[in-house]
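Working notes for the structure below.
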Amino acid sequence: MSAVSDRLPAFPWDKLEPYKKTAAAHPRGIVDLSVGTPVDPVPELIQKALVDAADSPGYPTVWGTPALRDAITGWLERRLGARDVTHRHVLPVVGSKELVAWLPTQLGLGPGDKVAYPRLAYPTYEVGARLARAEYEVYDDPRELDPTNLKLLWLNSPSNPTGKVLSKEELTGIVAWAREHGVLIVSDECYLELGWEADPVSVLHPDVNGGSYDGILAVHSLSKRSNLAGYRAAFVAGDPAVLMPLLEIRKHGGMMTSAPTQAAVVAALGDDEHVRLQRERYAARRDRLRAALLSHGFRIEHSEASLYLWSTRDESCWDTVAHLAGLGILVAPGDFYGEAGEKFVRVALTATDERIDEAVARLTA
């Protein structure tokens, strides 16, 4: 066991505990804007679908019910503009983090193979490479990478933590480059429905991929858009030549979404109204929090999409974390996401209206 755990970095969130204690000691309580965990209720139609499927004594299937696959393919075509999507183009997963962490291993990557991901990125991309004993490197523009032994290229648009969105032209160029060099693209698009000052585009759109899914996958989650983080509901879509062998591997591993969760996902993907309402909540919180941070002397970069404000006071991120903790506000230090984030903090929009208003009051006092 130690041989596996020794491959992994120290769990970064443990370093935040002293600052959390400081923030929690504020007389009006902590405003926790560090972790992007949803706080709003699960929509009633989704809860009802879950309850209605509660009597599920048999094993679910890894590939999911036909109704689930229909819901995913329908959503991909309706929302992302994908074309000619069949059941062979989709695979449910047990939350997107599980897929990110284990995909390199399940693809058979190992020593000598390379995984690349953005310079500022979700830490689990690195974790996945480490678990597979593969090499890993970061990039600013993936087309500048040496493609030798590069087997897996992670894209993340909209980005966590920065909220940066890759344009359709950038995505098209990257897909063409990856295909030229035989590199599998996996695009983490979990925040795609949360664009504010940009309209994010999927690699599954025909304008990006030329009408072919060869060599590309897209990862999507219902955690943020439907408040289903507790359900562990996500899926990956794209090249059947990759997904069908992956399905067989995951069958052997028993990596299946529960039957009630599958029913809930069918309901969630079939309804756009609850997503619109949740977007409105986040947009209002974003506007208030953004204005307060700017008035407090912060500069905000990117953040045109996703659930975060990538913010800086041009000082060490830990100095900023300490300053805000003194106000009872907890944020994530930017160096959790790479050395390039050492002067930034990630401020999440995932708090109740009351807590967001409390943060605004403290920042503007």
Side-chain angles (χ1 to χ4, degrees), residues 32-47 50 71-72 75-76 79-80 92-101 121-125 154-166 186-202 204 218-237 257 261 264-287 289-290 302-310 331-332 336-337 346-353 355-356:
D32 192 342
L33 306 178
S34 62
V35 182
T37 187
V39 298
D40 298 304
V42 174
E44 288 187 13
L45 86 160
I46 301 175
Q47 293 190 48
L50 184 85
I72 295 172
W75 181 84
L76 291 170
R79 178 62 186 87
L80 303 190
V93 296
V94 192
S96 58
K97 185 171 186 175
E98 168 262 303
L99 179 82
V100 173
Y122 184 47
T124 312
Y125 303 136
W154 283 105
L155 303 182
N156 182 207
S157 175
S159 163
N160 173 17
T162 70
K164 181 181 179 181
V165 173
L166 294 174
V186 185
S187 181
D188 181 346
E189 301 176 352
C190 289
Y191 295 90
L192 187 135
E193 292 199 281
L194 297 166
W196 313 116
E197 296 159 3
D199 188 13
V201 179
S202 172
L204 300 180
V219 182
H220 285 270
S221 167
L222 285 84
S223 293
K224 306 302 194 293
R225 50 95 72 189
S226 297
N227 300 332
L228 295 190
Y231 285 45
R232 308 317 301 136
F235 57 89
V236 57
T257 306
T261 296
V265 172
V266 172
L269 292 179
D271 178 72
D272 294 331
E273 179 61 14
H274 79 275
V275 180
R276 185 188 67 80
L277 293 173
Q278 189 61 44
R279 276 181 52 86
E280 288 183 355
R281 293 188 191 106
Y282 283 135
R285 292 167 187 165
R286 179 182 183 273
D287 288 345
L289 194 55
R290 185 177 187 278
H302 300 301
S303 308
E304 58 263 33
S306 83
L307 287 181
Y308 311 105
L309 293 168
W310 188 237
V331 298
F336 277 10
Y337 308 95
R346 193 193 74 170
V347 185
L349 309 177
T350 49
T352 63
D353 289 336
R355 288 287 87 187
I356 292 290

All heavy atoms of Leu289 vs all of Ala348, minimum pair found to be CD2-O, 3.9 Å
Between the CG atom in Leu45 and the CG atom in Asp271, the distance rounded to the nearest 0.5 Å is 5.0 Å
From the list Gln278, His220, Arg225, side-chain hydrogen bond (donor to acceptor under 3.5 Å, both in side chains) with Glu193 holds only for Arg225
As a quick check of understanding, evaluate side-chain contact (heavy atoms from CB on, under 4.5 Å) for Val42 and Leu50, giving each step before the final call. CA-CA 11 Å; Val42 174; Leu50 184 85; over 6 Å; no
Specify whether Tyr308 and Tyr191 have parallel, tilted or perpendicular ring planes, treating 30° as the upper limit for parallel and 60° as the lower limit for perpendicular. perpendicular
Please evaluate residues Glu304 and Trp310 with respect to the criterion side-chain contact (heavy atoms from CB on, under 4.5 Å), reporting the C-alpha separation (whole Å), side-chain torsions for both, the decisive distance (0.1 Å), and the verdict.
CA-CA 10 Å; Glu304 58 263 33; Trp310 188 237; over 6 Å; no
Separation between CG (Leu33) and CZ (Arg285), nearest 0.5 Å, reads 11.0 Å
Check your understanding: Is there side-chain contact between Phe235 and Leu99, with heavy atoms separated by less than 4.5 Å?
Key -> no
In this structure, OG of Ser303 is separated from CD of Glu197 (nearest 0.5 Å) by 8.0 Å
Nearest heavy-atom approach of Leu228 to Ala268 is CD1-CB, 4.3 Å
**Asked** Considering residues, nucleotides and ligands other than Glu44, do more than 12 of their heavy atoms fall under 6.0 Å from its CD?
**Response** no
Do Asp353 side-chain atoms and Arg355 backbone N/O form a donor-acceptor pair below 3.5 Å?
no
Separation between CD1 (Ile356) and CZ (Arg281), nearest 0.5 Å, reads 13.5 Å
dist Asp287:CG -> Trp196:CH2 (nearest 0.5 Å) comes out at 9.0 Å
Could you walk me through whether Leu269 and Leu222 satisfy the side-chain contact (heavy atoms from CB on, under 4.5 Å) test, starting with their C-alpha distance in whole Å, then the side-chain angles of each, then the deciding distance to 0.1 Å, before giving a yes or no?
CA-CA 9 Å; Leu269 292 179; Leu222 285 84; 4.1 Å; yes
Distance col, row Leu307:CG vs Cys190:SG, nearest 0.5 angstrom, shows 11.0 Å
Exercise for the section: Kindly say whether Arg276 contributes a backbone atom to a donor-acceptor pair with the side chain of Asp272 at under 3.5 angstrom? Expected result: no
task: Just do the side-chain contact (heavy atoms from CB on, under 4.5 Å) check on Trp154 and Val100 with the steps written out, would you?
output: CA-CA 9 Å; Trp154 283 105; Val100 173; 3.9 Å; yes
Between His274 and Ser226 the two heavy atoms that sit nearest each other are NE2-OG, 2.8 Å
Shortest non-hydrogen pair, Glu189 vs Val201, comes out as OE2-O, 4.5 Å
| field | Minimum side-chain heavy-atom gap Leu194-Ser306 below 4.5 Å | value | no
query: Any side-chain heavy atom of Thr261 within less than 4.5 Å of one from Arg232?
result: no
Less than 4.5 Å apart, any side-chain heavy atom of Leu192 and any of Arg79? yes
In short, Ala121 meets Pro161 closest at the heavy-atom pair N-CD, 4.0 Å
Heavy atoms of Ser34 and Ala332 approach each other most closely as O-CB, 3.7 Å
### Message
I'd like to check Asp188 versus Ser96 (side-chain heavy atoms, cut-off strictly below 4.5 Å). Are they in contact?
### Response
no
Legend entry - Non-hydrogen side-chain atoms of Arg346 and Phe336 separated by less than 4.5 Å: no
Quiz item: Distance-only, no hydrogens or angles: does the Ser187 side chain make a donor-acceptor pair with backbone N or O of Ser157 under 3.5 Å?
Solution: no
